[in-house]
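Both ligands and their constituent atoms are indexed starting at 1 by order of listing.
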Amino acid sequence: MALLLKNAHVVDPAVELDGCVDVLVEGDKIAAVGENLTCDAAEVIDLTGRYLVPGLVDMHVHLREPGFEAKGDIESETAAAAHGGFTGVCSMPNTKPVTDNGVVVEYIKSVAAAKGHCRVYPSGAMTKGLKGEIISEMGDMVEHGCVAFTDDGHGVQGAGMLRRAMDYGQMFGKVFMSHCQDEDLVGDGQINEGAVSTRLGLLGWPAEGEELQIMRDIMIAELTGAKLHIQHISTAKGLDMVRAAKAKGLPVTCEATPHHLFLTEDAIDGTYNTCFKVNPPLRTAADAEALIAGVIDGTVDAIATDHAPHSDWEKSREFELAPFGMTGLETALGLVITNLVKT
Ligand SMILES: [Zn+2]
């Protein structure tokens with residue numbers, strides 16, 4: 001079965017292709033790329049005005065299975081991924097039970113193989129139960145296909161704990177991904193601390209609550225030699241820390257989400273729309289501008305969604321009671337094309 005895709009705007013950075021060409025697919029292989037291709041036996045689809053890109057990968061996604069299937073599951077969220085142009089996603093370990101051992105990694109892989117609509121690369125917890133107390137079964141998880149370690153949803157609160165996890169875990173050659181949040185400083189913060197939080201009477205989540213851990217994690221990565229990736233970076237100062245670490249030659253990378261790039265705290269108004277309640281919170285316009293500059297100069301290594309579905313009833317609660325998180329898999333590519341490519 002052959003498929004001839006005509007007149008698409010084809011983008012493939014790997015071969016520096018960015019223009020209007022035809023693509024011929026035979027079976028599961030790309031057979032030809034070029035202008036004015038013909039193939040009598042092929043089904044022809046005219047893609048004039050559309051983009052054709054290699055399958056996208058989202059390195060930060062919450063699939064909610066096992067344990068939180070009322071919010072979403074591997075089948076539903078990988079369907080959202082495929083709909084949004086993603087052919088691979090890295091799942092976060094804050095499942096129930098927590099993905100902190102090989103059995104849960106194996107479970108995710110088996111469900112993804114049976115029902116998934118795209119590839120699933122599971123990450124595993126850095127600490128058992130995401131509690132920040134005991135190192136997780138890292139070797140066991142890697143044996144079963146875990147691609148990275150993270151306590152996403154929590155920062156590892158103890159610097160000594162992070163050091164031990166990195167010292168031990170780096171033998172497996174995987175990257176440590178940090179959700180940076182000093183829980184003592186952030187407390188019950190709901191949105192970015194500043195004029196908007198004051199006006200709306202919501203407890204503030206200060207930028208320093210994220211930046212302190214970014215700096216700490218970079219220093220501990222330097223101490224241990226571990227590879228560090230900062231997740232969903234949201235502040236200009238935090239990004240500068242990553243920029244400085246890279247300039248020093250440290251193996252430090254970071255990601256930014258579409259919502260931190262294209263929305264600011266000013267989106268939150270007197271309607272208290274809980275869709276805008278995310279962790280870390282939407283920051284200032286200056287922060288968003290700095291993140292976009294970081295994408296352009298390469299300091300931001302990846303755009304990742306932090307796709308985090310919740311049930312309607314949970315997001316319908318009062319702002320303080322609603323959980324953090326918004327979805328992103330189906331809107332990320334469109335937002336990036338509209339706000340970054342077209343501008
Ligand atoms: Zn996170």
*Might you confirm whether atom CD of E320 has over 12 heavy atoms from other residues, nucleotides or ligands at distances under 6.0 Å?*
yes
*State, with a plain yes or no, whether a side-chain heavy atom of I218 is found less than 4.5 Å away from one of M241.*
yes
_Exceeds 12 heavy-atom contacts within 6.0 angstrom, atom NZ of K128_ = no
*Kindly check if the number of other-residue, nucleotide or ligand heavy atoms within 6.0 Å of CG (D184) is above 12?*
no
*Number of protein N, O or S atoms [distance to the Zn ion (ligand 1) under 2.8 Å]*: 3
*Give a yes or no on this: more than 12 heavy atoms of other residues, nucleotides or ligands lie within 6.0 Å of atom NZ of K246.*
yes
*Is the shortest heavy-atom distance from the side chain of I135 to the side chain of R164 under 4.5 Å?*
yes
